[in-house]
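Only one structure is covered here, and it is reproduced in the block below.
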Amino acid sequence: MNILGNIIWLIFGGFFAALGYLIGGLILCITIIGIPWGLQCFKLAGMVLMPFGKKVVYDSSNSGCLATFANIIGLLFGGLYTAIMHIVMGLLLFITIIGIPWGRQHFKLVEISLMPFGKRIVLD
(Lines give C-alpha, C1' and ligand atoms only; values in the text may rest on other atoms or scores of the structure.)
Protein backbone atom coordinates (compact mmCIF):
# COMPACT_ATOMS: atom_id res chain seq x y z
CA MET A 1 0.00 0.00 0.00
CA ASN A 2 2.92 2.34 0.65
CA ILE A 3 4.11 1.95 -2.94
CA LEU A 4 0.64 2.65 -4.33
CA GLY A 5 0.23 5.68 -2.03
CA ASN A 6 3.62 7.05 -3.08
CA ILE A 7 2.83 6.60 -6.78
CA ILE A 8 -0.49 8.45 -6.45
CA TRP A 9 1.25 11.11 -4.32
CA LEU A 10 3.89 11.65 -7.03
CA ILE A 11 1.35 11.89 -9.82
CA PHE A 12 -0.86 14.41 -8.04
CA GLY A 13 1.72 16.96 -6.93
CA GLY A 14 4.35 15.26 -4.80
CA PHE A 15 6.95 15.44 -7.53
CA PHE A 16 6.49 19.18 -8.00
CA ALA A 17 6.51 19.80 -4.24
CA ALA A 18 9.78 17.86 -3.92
CA LEU A 19 11.18 19.79 -6.88
CA GLY A 20 10.27 23.03 -5.11
CA TYR A 21 12.12 21.93 -1.98
CA LEU A 22 15.14 20.92 -4.09
CA ILE A 23 15.25 24.27 -5.88
CA GLY A 24 14.84 26.10 -2.57
CA GLY A 25 17.66 24.03 -1.09
CA LEU A 26 19.93 24.79 -4.04
CA ILE A 27 19.23 28.52 -3.74
CA LEU A 28 19.93 28.43 -0.01
CA CYS A 29 23.16 26.47 -0.56
CA ILE A 30 24.41 29.05 -3.05
CA THR A 31 24.58 31.51 -0.19
CA ILE A 32 27.18 30.42 2.32
CA ILE A 33 25.06 31.32 5.34
CA GLY A 34 22.05 29.39 4.06
CA ILE A 35 23.78 26.00 3.75
CA PRO A 36 22.31 24.51 6.98
CA TRP A 37 18.77 25.42 5.89
CA GLY A 38 19.49 24.21 2.35
CA LEU A 39 20.48 20.82 3.72
CA GLN A 40 17.22 20.70 5.67
CA CYS A 41 15.36 21.50 2.45
CA PHE A 42 17.02 18.47 0.85
CA LYS A 43 15.86 16.35 3.80
CA LEU A 44 12.34 17.71 3.32
CA ALA A 45 12.51 17.00 -0.42
CA GLY A 46 13.27 13.36 0.29
CA MET A 47 10.33 13.17 2.66
CA VAL A 48 7.97 14.98 0.28
CA LEU A 49 9.03 12.80 -2.64
CA MET A 50 7.82 9.56 -1.02
CA PRO A 51 6.15 10.17 2.37
CA PHE A 52 4.31 6.86 2.74
CA GLY A 53 6.28 4.39 4.85
CA LYS A 54 8.42 7.06 6.53
CA LYS A 55 8.13 8.82 9.86
CA VAL A 56 9.82 11.71 11.63
CA VAL A 57 11.69 11.02 14.87
CA TYR A 58 13.60 13.28 17.24
CA ASP A 59 17.35 12.80 17.04
CA SER A 60 18.86 13.67 20.40
CA SER A 61 22.42 13.69 19.02
CA ASN A 62 21.68 16.65 16.72
CA SER A 63 19.74 18.81 19.12
CA GLY A 64 21.07 21.58 21.24
CA CYS A 65 21.04 25.34 21.48
CA LEU A 66 22.27 25.78 17.89
CA ALA A 67 19.53 23.53 16.55
CA THR A 68 16.96 25.51 18.53
CA PHE A 69 18.37 28.79 17.23
CA ALA A 70 18.39 27.48 13.64
CA ASN A 71 14.80 26.24 14.03
CA ILE A 72 13.69 29.68 15.24
CA ILE A 73 15.42 31.39 12.30
CA GLY A 74 13.91 28.86 9.88
CA LEU A 75 10.50 29.31 11.50
CA LEU A 76 10.62 33.06 10.96
CA PHE A 77 11.91 32.89 7.37
CA GLY A 78 9.63 30.36 5.73
CA GLY A 79 8.99 27.46 8.09
CA LEU A 80 5.74 28.87 9.40
CA TYR A 81 4.44 29.55 5.89
CA THR A 82 5.38 26.06 4.74
CA ALA A 83 3.74 24.44 7.77
CA ILE A 84 0.55 26.47 7.25
CA MET A 85 0.44 25.38 3.60
CA HIS A 86 0.76 21.72 4.63
CA ILE A 87 -2.02 22.20 7.21
CA VAL A 88 -4.31 23.82 4.63
CA MET A 89 -3.64 21.07 2.09
CA GLY A 90 -4.17 18.40 4.74
CA LEU A 91 -7.50 19.93 5.76
CA LEU A 92 -8.63 20.18 2.14
CA LEU A 93 -7.76 16.54 1.59
CA PHE A 94 -9.56 15.52 4.80
CA ILE A 95 -12.78 17.02 3.43
CA THR A 96 -12.91 14.21 0.90
CA ILE A 97 -13.03 10.74 2.40
CA ILE A 98 -10.69 9.29 -0.20
CA GLY A 99 -8.08 12.00 0.48
CA ILE A 100 -7.61 11.17 4.17
CA PRO A 101 -4.39 9.11 3.70
CA TRP A 102 -2.81 11.95 1.72
CA GLY A 103 -4.02 14.50 4.25
CA ARG A 104 -2.29 12.50 6.97
CA GLN A 105 0.94 12.73 5.00
CA HIS A 106 0.62 16.51 4.85
CA PHE A 107 0.17 16.60 8.63
CA LYS A 108 3.28 14.44 8.95
CA LEU A 109 5.15 17.00 6.84
CA VAL A 110 4.03 19.84 9.13
CA GLU A 111 6.16 18.50 11.95
CA ILE A 112 9.38 18.46 9.97
CA SER A 113 8.76 21.61 7.92
CA LEU A 114 8.06 23.66 11.03
CA MET A 115 11.27 22.75 12.86
CA PRO A 116 13.56 20.44 10.83
CA PHE A 117 16.74 20.67 12.91
CA GLY A 118 17.13 17.86 15.42
CA LYS A 119 14.81 15.50 13.55
CA ARG A 120 15.46 12.51 11.36
CA ILE A 121 13.40 10.64 8.79
CA VAL A 122 13.28 6.88 9.27
CA LEU A 123 11.43 4.07 7.55
CA ASP A 124 8.20 3.18 9.27
Side-chain angles (χ1 to χ4, degrees):
M1 291 306 287
N2 288 339
I3 294 171
L4 182 62
N6 283 328
I7 290 170
I8 294 171
W9 176 272
L10 283 174
I11 291 170
F12 291 107
F15 175 75
F16 294 111
L19 190 63
Y21 278 114
L22 282 175
I23 292 170
L26 286 173
I27 290 171
L28 284 168
C29 283
I30 288 173
T31 66
I32 301 300
I33 197 154
I35 290 175
W37 292 277
L39 295 176
Q40 298 305 312
C41 280
F42 295 146
K43 179 168 63 173
L44 275 160
M47 179 74 172
V48 169
L49 193 60
M50 299 216 175
F52 287 89
K54 294 180 183 176
K55 66 180 178 177
V56 179
V57 294
Y58 292 98
D59 190 11
S60 61
S61 65
N62 287 340
S63 44
C65 65
L66 288 178
T68 304
F69 178 72
N71 277 329
I72 291 171
I73 296 296
L75 182 69
L76 294 174
F77 292 103
L80 187 61
Y81 170 77
T82 307
I84 289 172
M85 288 297 108
H86 283 299
I87 290 171
V88 168
M89 290 304 297
L91 289 174
L92 288 174
L93 284 167
F94 260 81
I95 290 172
T96 66
I97 300 299
I98 199 162
I100 290 175
W102 292 276
R104 288 182 65 214
Q105 300 310 310
H106 274 289
F107 289 131
K108 188 190 313 182
L109 291 168
V110 168
E111 180 182 3
I112 194 164
S113 67
L114 197 58
M115 298 208 176
F117 290 92
K119 293 182 183 159
R120 249 177 343 118
I121 299 169
V122 296
L123 295 176
D124 199 13

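Computed from a predicted model, the values in this text were never measured in an experiment.
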Contact summary for [X] and [Y], nearest pair of heavy atoms:
X	Y	result
L28	C41	CD1-SG, 3.9 Å
G14	V48	O-CG1, 3.8 Å
C29	G38	SG-CA, 3.9 Å
G103	F94	C-CE1, 3.6 Å

Quiz item: Are side-chain heavy atoms of R120 and V56 found at a separation under 4.5 Å?
Solution: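 They are not in side-chain contact.
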Using the rule that Ile, Leu, Val, Met, Phe, Trp and Tyr join whenever any side-chain heavy atoms are under 4.5 Å apart, tell me whether [X] and [Y] fall into a single cluster.
X	Y	answer
L22	I27	no
F69	I72	yes
I112	M89	no
L26	L19	no
Y21	F77	no

Quiz item: Does W37 reach the main-chain N or O of A70 with its side chain, forming a donor-acceptor pair under 3.5 Å?
Solution: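 Yes; at least one donor-acceptor contact below 3.5 Å.
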Exercise. Output all residues satisfying ring-ring contact (aromatic ring centres under 6.0 Å, His included) with H86, sequence neighbours left out; order by chain, then residue number.
Key: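 With sequence neighbours excluded, H86 shows a ring-ring contact (aromatic ring centres under 6.0 Å, His included) to H106, given in chain and number order.
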Nearest 0.5 Å please: distance from the [atom1] atom of [X] over to the [atom2] atom of [Y].
X	Y	atom1	atom2	result
F117	T68	CZ	OG1	11.0 Å
M47	K55	CE	NZ	11.0 Å
L114	L109	CG	CG	12.0 Å
F15	W9	CZ	CH2	14.5 Å
I30	I35	CD1	CD1	10.5 Å
L49	L44	CG	CG	12.0 Å

Exercise. Answer yes or no: does atom CD1 of I3 have more than 12 heavy-atom neighbours from other residues, nucleotides or ligands under 6.0 Å?
Key: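 Count not over threshold, so no.
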Practice problem: Check step by step if side chain to side chain contact (heavy atoms under 4.5 Å, CB included) holds for F52 and R104. | Solution: CA-CA 10 Å; F52 287 89; R104 288 182 65 214; over 6 Å; no
Quiz item: So D59 and K119, side chain to side chain contact (heavy atoms under 4.5 Å, CB included) or not? Walk me through it.
Solution: CA-CA 5 Å; D59 190 11; K119 293 182 183 159; over 6 Å; no
Quiz item: What's the verdict on side chain to side chain contact (heavy atoms under 4.5 Å, CB included) for F42 and L39, showing C-alpha distance, side-chain angles and the deciding distance?
Solution: CA-CA 5 Å; F42 295 146; L39 295 176; 4.1 Å; yes
Practice problem: Just do the side chain to side chain contact (heavy atoms under 4.5 Å, CB included) check on N2 and M50 with the steps written out, would you? | Solution: CA-CA 9 Å; N2 288 339; M50 299 216 175; over 6 Å; no
Quiz item: Listed by chain and number, what are the side-chain contact (heavy atoms from CB on, under 4.5 Å) partners of I87, not counting sequence neighbours?
Solution: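 Only L91, F107, V110 meet the side-chain contact (heavy atoms from CB on, under 4.5 Å) criterion with I87.
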